[in-house]
Amino acid sequence: MNVFRLAGDMTHLLSIIILLLKIRATKSCTGISLKTQELYVIVFLTRYLDLFTKYISFYNTTMKLVFLGTSISIVWYMRYHKVVKQTYNKDQDTFRHYFLAIPCFLLALLIHHEFTVIEVLWTFSIYLEAVAILPQLVLLQRSRNIDNLTGNYVFLLGAYRALYLVNWVYRYFTENHLVRWIPWLSGLVQTTLYADFFYYYIKSWKNNEKLQLPA
Amino acid sequence: RHYYPGKDEL
């Protein structure tokens, strides 16, 4: 474990906590894409299949359970909670997320470390996570005013994978130059998708003005 | 143990 990976995991955890607090405190999920949240549940389910078969560390197991539990509860709130589900922007959250999932699955069938169920599904989760934020970014462009919590959520979500990129560089130089193209390139694509959001987020933060994404 | 690249990460 290195400081970059720990910072990445904590940033990721913080982003999810912020979203969960926003939904619970305001009883509203306005501006949040249910499609993206559902894709994240699929990402965690397909990535943590070895949760009960391979013990890596107490930290690893705990974090996996926390990520699974929080992401599933967010989807539950947005789908079934009587008050929260009324605030879901159903007519604006129209991104066809299975158009993202299917190519990722096909790509995982073609390009993977080894052809086993666990490994192909893990690879699928890596590819899917890279594009899972797209429905949320599209929704942000459509929704006129973005509330601070939602802006912070998306920012931290993007920042965590950027920290993971630094973690991979660090591990490459300190752990016998292990090359891991699949997570590296996917992580690069994932972080790049946030580039313009990062630009507008930092601009709004510096000018102390409301976050607005150009349509 | 067969070291899976990246399998010790979240």
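Proteins come first, then strands; the chains are lettered A, B, ... in the order of their sequence lines, and each starts at number 1.
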Inset, instruction - Say whether A:Tyr77 and A:Arg24, considering side chains only, have a donor N or O and an acceptor N or O under 3.5 Å apart. - result: yes

Legend entry - Test salt bridge (charged side-chain N to carboxylate O under 4.0 Å, His left out) applied to B:Glu9 and A:Arg171, step by step: CA-CA 12 Å; B:Glu9 292 173 349; A:Arg171 292 189 79 171; 2.7 Å; yes

Legend entry - Partners passing side chain to side chain contact (heavy atoms under 4.5 Å, CB included) against A:Ser57 (at least two apart in sequence or in another chain): A:Tyr59, A:Asn60

Inset, instruction - Pull out the residues in residues 28-49 of chain A that come under 4.5 Å of chain B, heavy atom to heavy atom, sorted by number. - result: A:Arg47, A:Tyr48

Inset, instruction - For the pair A:Asp93 (side chain) and A:Asn89 (backbone), establish whether a donor and an acceptor sit closer than 3.5 Å, ignoring hydrogens and angles. - result: no

Legend entry - Euclidean distance, A:Thr123 OG1 relative to A:Ile182 CD1, rounded to 0.5 Å: 4.5 Å

Inset, instruction - Give me the one residue out of A:Tyr127, A:Tyr98, A:Phe124 that meets side-chain contact (heavy atoms from CB on, under 4.5 Å) with A:Phe105. - result: A:Phe124

Legend entry - For chain B, the option from A:Lys64, A:Met1, A:Arg5 that forms the most heavy-atom pairs under 4.5 Å: A:Arg5

